[in-house]
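Reading through the structure tokens given below for one structure.
Note that this is a predicted model, so its numbers are computed, not measured.
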Amino acid sequence: MFAIIDCNQFYVSCERVFNPKLENKPVLILSNNDGCVIASSPEAKQLGVKMGAPVFKIRELISKYHMEVYSSNYALYGDMSKRVMDTLRSFSPDIEVYSIDEAFLNVSGLDRQYGSWERLGHQLRTKVRQWTGVPTRVGIAPTKTLTKIGIHLAKKNGESVCVLKDENSIKKALKSIPVEDIWGIGRQYAAFLYQSGIKNAYHFSQAEENWVKQHMSVVGLRLHHELRGLSCLPLETISEHANKKMIGSSRSFIKPICHLVELKEALATYCTRVGEKLRKQQSCANYVTVYIRTNRFKDVDHQYANAQTIQLPVATDNTPELIHYAFQALDIIYREGYRYKKAGVLVGGLVPAYTCQQNLFDNENRQKHIKSMQAMDIINAKMGRFVVRSAAMGYRNSGETIRGKVSNKYTSDWEEIIEVGA
DNA sequence: TCTGGGGTCCTAGGACCC
DNA sequence: TCTGGGGTCCTAGGACCC
């Protein structure tokens with residue numbers, strides 16, 4: 001048996017833990033640059049705020065109902081997430097941290113320990129709430145996909161725990177879930193399924209296996225099995241997927257960028273972040289991809305988007321080297337005369353740093369580079385991000401982002417710790 | 001005026017090997 | 001007239017997730 005624990009409007013809940021005035025009020029959390037809504041309280045949803053809504057389109061709504069609006073505070077959310085996960089670990093060490101706000105747990109046998117699956121579900125919620133302040137929903141079922149169905153059902157019925165264990169309860173649940181709400185069915189597949197007369201999860205579970213495989217590959221087939229109670233998606237515990245297979249950094253610009261130099265400065269900044277992430281997980285990259293694009297929402301602008309991948313001669317985690325090749329890639333795809341809105345850097349082909357294959361004709365002094373990167377990471381960790389930086393990043397600050405109102409780093413910075421007083 | 005950022009997995013097809 | 005069979009590796013592109 002699996003359980004999924006899903007935090008309710010996680011970012012909003014994190015803010016509410018440290019600012020109880022926000023309880024029962026419409027609260028919005030915004031994306032980078034305060035561009036769009038990425039989390040909202042039920043009160044805000046009820047007033048018509050949709051997930052992903054651009055802020056400028058709902059300004060009236062915000063002021064009319066005096067909504068509380070916050071920029072995202074990932075230092076806080078990340079730390080709160082860790083607390084939630086630690087709490088869950090006290091129930092079972094068999095945990096898959098699936099995202100910042102949800103986790104799967106292997107709960108086999110725990111029904112006896114807690115009396116019933118329902119009681120286990122409520123215990124999970126209660127403890128997380130008590131230890132972290134974050135409200136959650138719990139789904140318990142024989143497969144991961146069915147636990148997700150359970151969460152949907154709970155949301156729909158305004159409940160907090162949903163157990164799907166016998167054929168009847170599963171069948172009933174599947175009938176009430178439209179195909180597009182199945183975990184793993186996105187827009188494309190949903191449209192295709194509707195065309196084929198399959199409207200809800202139950203219809204899908206009754207479809208012919210070969211037909212599913214033919215049109216939706218093994219991914220679809222696994223979902224099909226999972227909905228029928230046959231577990232195909234194992235718990236992926238931390239150790240198995242601790243290391244990322246691809247690492248990236250990208251930003252949308254506040255104002256469009258029209259000059260190559262400015263794009264280069266932005267890319268140098270992204271390469272710096274990517275380099276830091278690489279060294280943190282002790283990986284080296286074999287290729288680097290750069291992409292740039294204009295504002296796709298602006299019809300009047302001429303549109304251009306392109307990407308270029310460069311194979312590196314030797315796998316590296318060295319920031320200046322990443323920057324060097326990123327610039328090469330940019331030179332290939334850059335076109336003058338466009339207003340660029342977004343750029344990004346991706347690295348892939350990651351290998352463990354200690355197994356990096358050397359190149360016979362490589363004349364870089366790699367040991368020296370490794371030491372200089374180590375020194376840079378240590379200084380920046382102590383003195384602040386980007387205190388030591390590549391000149392290529394420039395000092396133009398075109399990489400700056402807008403953050404209107406952001407709460408304190410209550411849990412990760414002594415300067416910003418919450419004060420309790422008169 | 002103003003629309004986020006960061007990931008995973010699978011498949012088909014090309015290039016290559018014996 | 002007739003030209004095999006079995007395999008690996010890599011990449012681009014498509015689908016999906018939070």
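- Between A:Y189 and A:Y194, the closest side-chain pair of non-hydrogen atoms is not below 4.5 Å.
- A salt bridge links A:D301 with A:R339: at least one charged nitrogen is closer than 4.0 Å to a carboxylate oxygen.
- Nucleic acid contact for A:T309: none, since no nucleic acid atom lies under 4.0 Å from a heavy atom of the residue.
- Ion pairing between a basic and an acidic side chain is recognised when a charged N comes within 4.0 Å of a carboxylate O; A:E43 and A:R16 show such pairing.
- Extent of DNA chain C lying under 4.0 Å from chain A heavy atoms, first and last nucleotide in 5' to 3' order, is C:dT11 to C:dC18.
- Within 4.0 Å (heavy atoms only), A:V55 reaches no atom of the nucleic acid at all.
- Using a 4.0 Å cut-off between charged nitrogen and carboxylate oxygen, A:K144 and A:E96 count as a salt-bridge pair.
- Backbone-only contact: A:R187 has heavy atoms under 4.0 Å from sugar-phosphate atoms and none from a base.
- Looking at heavy-atom distances under 4.0 Å, A:L233 makes no contact with the nucleic acid at all.
- Of the possible polar contacts, none joining the A:K342 side chain to the A:N295 backbone as a donor-acceptor pair under 3.5 Å is found.
- Across all strands shown, A:N33 has no heavy atoms under 4.0 Å from either base or sugar-phosphate atoms.
- C:dG4 and B:dC17 have their C1' atoms separated by 15 Å, with the value rounded to a whole Å.
- Residue contacts shown for A:I402 are absent, as no nucleic acid heavy atom lies under 4.0 Å away.
- Below 30°, between 30° and 60°, or above 60°: for A:F18 and A:Y410 the angle between ring planes is below 30°, a parallel geometry.
- Residue A:I100 is classed as having no contact, given no heavy-atom separation below 4.0 Å to the nucleic acid.
- Each of A:V218 and A:K57 was assigned the nucleotide of DNA chain B with the nearest heavy atom; the assignment lying further toward the 5' end belongs to A:K57.
- Where A:K342 and A:S217 each meet DNA chain B at their nearest nucleotide, the meeting point lying more 5' is that of A:K342.
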